[in-house]
Amino acid sequence: MNISGNNHDAFILDYLRWKDAAMSQEEGSEFEAQLSSDPQKRQWFLDLQYQETAITEYFRNNAIGGKTVKFDATERKPRLAKWLWPIAALFVVSLVGMWIKNDVKDLPTGITLEHADTAIWEGKKIREGDPVELREYRLAAGSVRFRTDKGATISIGGPAHFRYESPTQLILETGRAMAKMHQKYSEFTILTKDLKVTDLGTVFGVSVDPSEGTLLSVFEGKVEAKPSKSEKSGVHLITEGNSMIRDLDSDKALLDIPYNTTEFEDLWPLTMGIDDASNQVRFVLPGANENLSTFRSDDNLFLLPEKRGQFITEKLSADLNEEHPVFPNNKNPNIFISANQKVDSYMLYFNPVSDEAGIRKISGEIEFAMPVIGVIAINSKIKGSDNLLGDPTINYAEFNNRGLESQDLDVGEGKTLARDELILSPDRTRLYFRMQVGVLHDYIRIVTESSY
Amino acid sequence: MALTTESIAEVFLSHRLGLTAYLSMVTQNHHLAEDVFQETCVKALGKKESFESTQHLLNWFRVAARNRAIDLIRSRDGKYQGLSAKVLELFEQDLADHQEERKHLIRLLMDCVSESTPRNRELIRLKYFEGWSGEQISQKLNRKIDSIYQAMSRLHKALHLCVSEKQKKAVL
């Protein structure tokens, strides 16, 4: 490796080898560590990146027009108008899409596709807002979330082959599905080739691999599971925090296996009302019997669903809402979440592993299925809402000073801990965050409209 | 007051090359960077994000586009082996701090590229426009790979000096 102090020439050679993936793993790590610690090298790196872009742009312009495009003000107007055409077209398509969505949402099957994440269909396609027909579907890739008017949310991860037999029954030939019941009277059954799983007020996941059989994991509540082709078949009651497999080669009806959540990690947030999130956001799946304080990371923050469908009878003090969508707010207004509505609550926290003094930053966004009605970000207000909105199985008392910093803090040794920032999008479904943590942790409670 | 659709579009237009340069850093592939740039522009406009300032819009864009690029690479290759999120955030901060200074840099660089010798232009065309590796170029030109890297290194240094000179002249 060439890197030698602040030698620009040597850095360029290293950059070229890095670009060609010609460095060993150790050299790559060293190169990245130097970028992390040396602003001069980041500057050189940025210069090289800009050079690359200029080179590509130069040759593209030569290829298409034989001359370099200048960015003079006189040329900007026609370029802008031309550039806006596809955007205008997109708006028209969106409006048509919204019209279609509103027109068809209450069709007879009572099941609609609520959200699709990079879904690729083979054969019959379904778009967001479309009603589901009682027929076969093949999801080649991506994941989707269905909503039934019987009070269930069903998420399916591709590749999957499935069909709805009725508004309360799904046949899963292959792939992964997760079901959540929102109300006591909700009902839903998932049938696989060799297992029938019926919810009893619960969240559960089923994964079907034709070569290995059917895996069942129960995340909340309990289910009834009945093997369909076993002489020893009988009804099994499976409770939360447990997994079982119906092994095709085994003559046993159902085999106990260690609690398996990994198979459903991508479906969990989708089922719990998270449509999209930055890579830095990880999700805490329930039933792992682990203390929440063990979920720590220097590079990730964690999102945990708390109370669902909680009716609030008194207004709640908050730090961000639709009217005041930015935190911190210098005007320090009184911000509230209105009373007399049902809400869902989520806990988002950034709790670095290392206790050493130092400042860690993280930023990103989360897109919720339901509009955010408020965010509680100041420690005293978070504490005040624990009983009403918190998960009753969590001991929140172990977290001190949970809130965000609303102003820059001098943390000594010439270091400043910059204030944290939150911004809510106008449609209230996306929350943008930028957090900085010193020796403690950042913690907020996000309150959305209830999904049912 | 939130930026209008037209002003958002104008920001993207005037910062297109700088943002694409940043995304090339994430993707290590200029064409993928352009795809992500376009997709994120449409996302920003289509979802009617409330952007209170150009700075706010650009900060949001870098984070959203970076995450989208990493997601795309992960779904395509099964893993992302580029720069870590921590380093990318440092670059985002550097760019946010100096975005006005860098706004016209690419135009100056393009002038410098046009002033380089035909032989050098061919070398950088193969490397960055065609996306060839140093090894592929060395085979095509029947030269040792070290000499290709040395030539490329000299070229980058020359572009660096050329643009510095142009910046100085612009100030004078």
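Throughout, protein chains are lettered first and strands after them, A, B, ... in sequence-line order, and every chain is numbered starting at 1. The structure presented is a predicted model; accordingly, all values stated were derived computationally and were not measured. All values below were derived from every heavy atom in this structure, side-chain atoms included, with hydrogens, water molecules and symmetry-related copies excluded.
For Lys43(B) and Glu367(A), the salt-bridge test fails: no basic side-chain N is under 4.0 Å from an acidic carboxylate O. Taking a cutoff of 4.0 Å between a charged side-chain nitrogen and a carboxylate oxygen, Arg434(A) and Glu92(B) do not qualify as a salt bridge.
In this structure, the portion of Lys86(B) lying under 4.5 Å from any heavy atom of chain A is its side chain and not its backbone. For Gln136(B), no part lies near chain A; criterion is any non-hydrogen pair under 4.5 Å. Looking at Gln43(A), both its backbone and its side chain come within 4.5 Å of chain B, counting heavy atoms on both sides. Neither the backbone nor the side chain of Arg154(B) comes within contact range of chain A, judged by heavy atoms closer than 4.5 Å. Contacts of Glu130(B) with chain A are absent, with no heavy-atom separation under 4.5 Å from either backbone or side chain. Contact of Asp299(A) with chain B is made through the side chain alone, with heavy-atom distances under 4.5 Å. Using a 4.5 Å cut-off between heavy atoms, Glu89(B) contacts chain A through its side chain alone, with no backbone atom that close. The contact between Thr118(A) and chain B is made entirely by side chain atoms (from C-beta outward), counting heavy-atom distances below 4.5 Å. Proximity to chain B (any heavy atom under 4.5 Å) is restricted, for Ala22(A), to the side chain, taken from C-beta onward.
In the model, Glu32(A) has a side-chain atom that pairs as donor or acceptor with a side-chain atom of Ser84(B) under 3.5 Å. Between the side chains of Gln51(A) and His156(B), at least one donor N or O lies within less than 3.5 Å of an accepting N or O. Side-chain atoms of Thr27(B) and Asn29(B) form no donor-acceptor pair, as typed in the model, at a separation below 3.5 Å. A donor-acceptor contact under 3.5 angstrom links the side chains of Gln34(A) and Glu30(A), judged on distance only. The closest side-chain donor-acceptor pair between Asn59(B) and Gln55(B) falls under 3.5 angstrom.
The most heavy-atom pairs under 4.5 Å with chain A, out of Gly18(B), Ala64(B), Ala85(B), come from Gly18(B). When the candidates Asp276(A), Asp20(A), Val326(A) are compared by the number of heavy-atom contacts under 4.5 Å with chain B, Asp20(A) comes out ahead.
Considering all non-hydrogen atoms of both residues, Pro352(A) and Asp298(A) come closest at CB-OD1, 3.2 Å.
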